[in-house]
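Read through the structure below, which is laid out as structure tokens, and then see the notes.
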2 protein chains.
Amino acid sequence: MQFRRRLPSLTGLLMLEAVLRRKSFTAAAGELGVTQAAVSRQIALLEDELGQPMFLRKHRAIEPTAACLTLGSSLSQSFANIADTIEAIKASSQAVVTIGATVAFSSFWLLPRLADFRDRNPGIQIRVISQDAKIDLDSGEVDIGIRYGSPPFSDGTVIASRGDVIMPVCSPDYFRRREAGPLSARDDFIETDAVDRSWLSWTQWLAKSGATFEARPSLRFNHYTETIFAARAGQGVALGWKALVQTFLDDGTLVACDDFQLMEEGRYNVLLPLKARRTMASDLAAAWLTAMLHG
Amino acid sequence: MQFRRRLPSLTGLLMLEAVLRRKSFTAAAGELGVTQAAVSRQIALLEDELGQPMFLRKHRAIEPTAACLTLGSSLSQSFANIADTIEAIKASSQAVVTIGATVAFSSFWLLPRLADFRDRNPGIQIRVISQDAKIDLDSGEVDIGIRYGSPPFSDGTVIASRGDVIMPVCSPDYFRRREAGPLSARDDFIETDAVDRSWLSWTQWLAKSGATFEARPSLRFNHYTETIFAARAGQGVALGWKALVQTFLDDGTLVACDDFQLMEEGRYNVLLPLKARRTMASDLAAAWLTAMLHG
DNA sequence: TCCTTCGCATAAGTTTTCGTTATGTCAATT
DNA sequence: AATTGACATAACGAAAACTTATGCGAAGGA
């Protein structure tokens, strides 16, 4: 490393590359928008630093030495590499990446983490499409989709995926009020009835957990977000999907009120549309989602 | 291409790379041998050009954005690539490459072409070891060997190879003096008697060419070089190995005095010792030899 | 709480690098 | 012999880079 010590004037190298390409100091000067004298001087300086000529001066022409040709190919490769990256970054500075996810996932997982993404990726705008109906990846409307289910999917490539577990949650307040011990018929159950996704029902949960009583949900909501808000407000026990309620467990507005955790077979999947146009912005967003989901 | 338009300040990029590596403006400044203010300024300028911050300013620390990390990896790769090439070139500027070849090949083929190599590769010194005894590639004394024979060889890798043809040659002066038509017993034959290599004898040649007379060489030499000098001096007809006498055919000091050309099965081979240490200088020399031999 | 310290930011001024203008050289061409 | 085209060189001027000096804000210690 320590490139400054190991590298001669980068301006000189830039000029050498142009000279090599145009096979003439004068032509290169034109391309670079400087005078022929400037090029001549930079090349001379470079030859000085390298301890050997880079071009043989023929009559009205120059001929690059073999070492110069080697250097030239290294330079054009490297500069092209850098220039491409720079361009991608510049483009990303006004890029918008659209992510599609369900309302619950957006609200409970994605949006709370977006601040982190914006910090790490200033310049990239994120647009979130939250809808519970299955997102159409083929329409080109979203760059990245997040879908709950079991991969694979026919309309996109899964680039990241994680499973989830379900556990009963309630507010700390409610937890103190209820009688200690396992769930019982005396608890207030909050149920989610949604058409779009198989949110586990309390009946299913209790059966799998080996409970012997029947649940009589006292509150029912069409949307999982409302279920969770009700639980946080101390209105009873809800089925908490761990990935979704983790932020509330962390900040203490929800607590687990039973030790049993049921593993669900579905997974949260990050999907790229099959014919997605890849940009640096979408790559960065996809990489970030992957890291966050796995982390 | 047109890199100047596509690239921001290269100094800035160089600094960004150092900052990423040292994770601090101050540390990078130290490494670069400039003040912290200089680094701060260059990074700010760069962020301006790119239209987005590259680092988040945390308390007593900085955090690179995702785009910055991408750029950084591109930069360190590219700069390392360039720096390596530069170093190789600097090293080659006082490099000596030793080429081993027979006396005849050195004298008639290699040395006349060396000027071209030196033109194209100023800074690289060529040392030629001319000896008719088989050159020992294992000793490490030569970097590149040129050997006549049929590949493969056990002590080196053949990187280039060409066959040769044999034809009778004489000076233009002698050609005018002799009677026109095919070779005859009246011609003065110049013969090479060497222990080291099977230079074709006139007897063999005449047999293969279908001649009905016997050759009585009037001059005999131990070295092919002398044979050719004698022929150029008009002292008779010699067997010309085309690759070796080509320069004399070109400059007119020798002419073919028979249409028949005999293809020999041996070849001139450019050999790299099996355990050669490769340097840019030896690579360039090998590439040049290959090109010259094939061209 | 207040002070110190550590890193980065900013402004003004200086140095270095880069580039320009003007002119020169050289050899092929006319 | 004069012209032309391509690179070289020198002196000067402009732009970029760097320095010095100072500011700012937050963490950590007295």
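Chain A is the first sequence line, chain B the second, and so forth, proteins listed ahead of strands; every chain is numbered from 1.
Atom CD1 of A/I62 is separated from atom C1' of C/dA27 by 17 Å (rounded to the nearest Å). In this structure, CD of A/E49 is placed 12 Å from C1' of C/dT17, rounded to the nearest angstrom. Atom CG of B/L10 is separated from atom C1' of C/dT17 by 14 Å (rounded to the nearest Å). When rounded to the nearest whole Å, the span between CG of B/D48 and P of C/dA9 equals 13 Å. Rounded to an integer number of Å, the gap from B/L16 CG to C/dC8 P is 13 Å. The NZ-P distance, from B/K58 to C/dA9, rounds to 14 Å in whole Å. The CG-P distance, from A/L13 to C/dC18, rounds to 11 Å in whole Å. If you measure from atom CD of B/E47 to atom C1' of C/dA9, you get 11 Å, rounded to the nearest angstrom.
Extent of DNA chain D lying under 4.0 Å from chain A heavy atoms, first and last nucleotide in 5' to 3' order, is D/dT4 to D/dC18.
Checking A/Q36 against A/H59, the closest nucleotide of DNA chain C that is more toward the 5' end is the one next to A/Q36. Comparing A/R41 and A/A37, the nucleotide of DNA chain C nearest to each residue sits closer to the 5' end for A/R41. With the nearest nucleotide of DNA chain D identified for both A/A38 and A/R60, A/R60 has the one nearer the 5' end.
In summary, the side chains of B/S282 and B/D143 do not present any donor paired with an acceptor at a separation below 3.5 Å, with no hydrogens or angles considered.
Nucleic acid contact class of A/Q42 (heavy atoms, under 4.0 Å, all strands): sugar-phosphate only. Using a 4.0 Å heavy-atom cutoff across all strands shown, B/S40 reaches at least one base atom of the nucleic acid. A/T35 comes within 4.0 angstrom of a nucleotide base, judged by non-hydrogen atoms across all strands.
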Practice task
Walk me through it: do B/T65 and A/N121 pass the test side chain to side chain contact (heavy atoms under 4.5 Å, CB included)?
Solution key: CA-CA 6 Å; B/T65 64; A/N121 299 275; 5.7 Å; no

Practice task
Under the side chain to side chain contact (heavy atoms under 4.5 Å, CB included) rule, what do A/L114 and A/V128 come out as? Steps first, then yes or no, please.
Solution key: CA-CA 10 Å; A/L114 264 193; A/V128 178; 4.0 Å; yes

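Within 6.0 Å of CG in B/D250 there are more than 12 heavy atoms belonging to other residues, nucleotides or ligands. Within a 6.0 Å radius of CZ in A/R118, other residues, nucleotides and ligands contribute 12 heavy atoms or fewer. Other residues, nucleotides and ligands contribute only 12 or fewer heavy atoms inside 6.0 Å of the CZ atom of B/R41.
By the 4.5 Å heavy-atom criterion applied to side chains, B/C68 and B/L20 are counted as neighbours.
At the phosphate of C/dG19, OP1 or OP2 sits under 4.0 Å from a side-chain N or O atom of B/R4. Distances shorter than 4.0 Å separate none of the side-chain N or O atoms of B/R57 from OP1 or OP2 on C/dG7. The side chain of B/S24 contributes an N or O atom lying less than 4.0 Å from OP1 or OP2 of C/dC8.
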